[in-house]
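To keep things clear, I will list the structure first and then write my remarks on it.
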Amino acid sequence: MRSQFLTCLLALAHSAAAQLPPTVDSNARVTKLATLPRESYTVDQPFTEGATRDPATGDVYFVDQNSNKILKWTVATNQLSVFMHPAGYSNGMTFDKAGKLIACADERNQLWEISTNVTKSIPYPQPLNPNVGDRGRSGNIVLPEYSVIMDGKYNGKQLGGPNDVWAMPDNSLYFTDPFWSRKWWANGRRAEQEVNTVYRLSPDRKTLTRALPNFLTSDGRAGSPNGIIGSPDGKTLYVAAFQGPGNGGGETYAYDVGANGVLSNRRRWAQFGSDGMTMDNQGNMYMCAPVSQSGITVVSIATGQKVGFIPVPEQPANVAFGGVDQSTLYITAKTGFYSIPTKVKGAHLVK
Ligand SMILES: *[C@@H]1O[C@H](CO)[C@@H](O)[C@H](O)[C@H]1NC(C)=O
């Protein structure tokens with residue numbers, strides 16, 4: 001009796017989990033666009049992350065952090081190319097309103113501002129740890145023109161490792177700073193900041209402040225901030241706490257953004273966390289939540305409740321709307337890059 005009851009409950013939970021959201025046609029399917037190659041110098045399989053779209057073209061940029069590359073999916077030709085390598089072991093990325101690509105360059109805990117259409121010949125950027133991963137080389141290399149807009153330190157101490165970043169309408173940037181040990185760092189590096197929290201870089205990109213003094217989950221544990229996204233009007237910021245050993249429970253919080261970027265009125269908006277997140281223009285959030293089945297959890301922004309689930313063959317780490325009309329959802333998941341057509345558009349349309 002008891003086991004039948006449980007089986008029935010599990011089946012119900014499974015069918016609910018597999019329910020596509022109303023924003024995706026019931027016949028639509030996730031398509032694999034590319035499988036990233038494993039490069040000889042890497043210590044791990046490819047791990048795709050950081051998907052974001054160029055508002056001017058709808059092209060999608062993402063990273064394979066393990067191979068130290070930023071990749072570009074050109075929507076006009078459906079082609080994948082290497083946009084930047086080396087790329088500071090970039091992780092989360094976003095576009096700012098000037099059309100610059102902003103990247104969490106995790107190798108030295110920095111934020112970079114990268115041009116999509118100007119290149120420059122520079123001495124090959126030498127890796128921090130030449131014994132692991134990208135070994136570096138001599139001579140010059142032509143790379144997209146970039147500048148370091150945040151030098152990797154707060155209060156004179158190294159940050160944990162900027163993970164995901166969001167550009168606000170006022171040109172300020174918020175980023176999450178958890179501490180996940182990386183093989184391309186110096187061996188034995190320890191956390192120098194006493195908290196893993198959220199930071200803000202001022203609109204002139206000169207002043208770095210802690211946007212939150214700490215990042216505690218509802219049960220009072222130190223959370224690990226991960227995915228971050230703002231509403232199009234810049235008035236609400238969403239920050240996900242990623243679930244994992246020693247990282248507290250998975251939850252996502254909403255904050256009001258006030259004068260000078262002060263965050264207030266924290267509330268638990270969703271009862272699960274996420275890696276990267278994106279929004280559509282019909283009031284839904286697309287979250288890479290660590291749930292039992294791999295895929296995208298779609299949540300009503302008004303209620304924080306789940307409205308559907310998009311199964312993906314590998315566990316997604318990030319999502320972005322892109323394409324010429326910005327109605328295709330692009331998904332980075334482990335070694336793969338995927339897409340699915342939707343009936344909506346991305347929320348953050350610029351043109
Ligand atoms: C480069 O891209 C930026 C941002 O989209 C744009 O404002 C600028 O006009 C472009 N420059 C060239 C030379 O195409």
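Scope of the values below: all heavy atoms of this structure, side chains included, with no hydrogens, waters or symmetry mates. Order of appearance sets the numbers: ligands from 1, and atoms from 1 within every ligand.
- In plain terms, the two heavy atoms of N226 and D275 that are nearest each other are OD1-OD1, 2.8 Å.
- Within a 4.0 Å radius of atom 11 (N) of ligand 1, the protein contributes at least one heavy atom.
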Test side chain to side chain donor-acceptor pair (under 3.5 Å) applied to W184 and D106, step by step
CA-CA 9 Å; W184 44 83; D106 171 77; 2.8 Å; yes
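- The shortest heavy-atom distance from P55 to ligand 1 is not under 4.0 Å.
- Looking at ligand 1, you won't find any N or O of T116 less than 3.5 Å from one of its N or O atoms.
- With hydrogens left out, the protein atom closest to atom 8 (C) of ligand 1 is N117 ND2, 3.8 Å, a heavy atom.
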Let me have the donor-acceptor pairs involving side chains of residues 262-270, under 3.5 Å, with sequence neighbours excluded, atom names and distances please.
| unit_1 | atom_1 | unit_2 | atom_2 | d |
| --- | --- | --- | --- | --- |
| N265 | ND2 | D256 | OD2 | 3.1 |
| R266 | NH1 | L216 | O | 2.7 |
| R266 | NH2 | L216 | O | 2.6 |
| R267 | NH1 | D256 | OD1 | 2.8 |
| R267 | NH1 | N265 | O | 2.9 |
| R267 | NH2 | D256 | OD1 | 3.2 |
| R268 | NH1 | E251 | OE2 | 2.8 |
| W269 | NE1 | I301 | O | 2.9 |

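- A heavy-atom distance below 4.5 Å is not found between the side chains of K235 and V257.
- Atoms of ligand 1 found under 4.0 Å from any heavy atom of A98, numbered from 1 in the order shown, are 4 (C).
- Aromatic ring orientation, F242 versus W180: perpendicular (interplanar angle above 60°, classes split at 30° and 60°).
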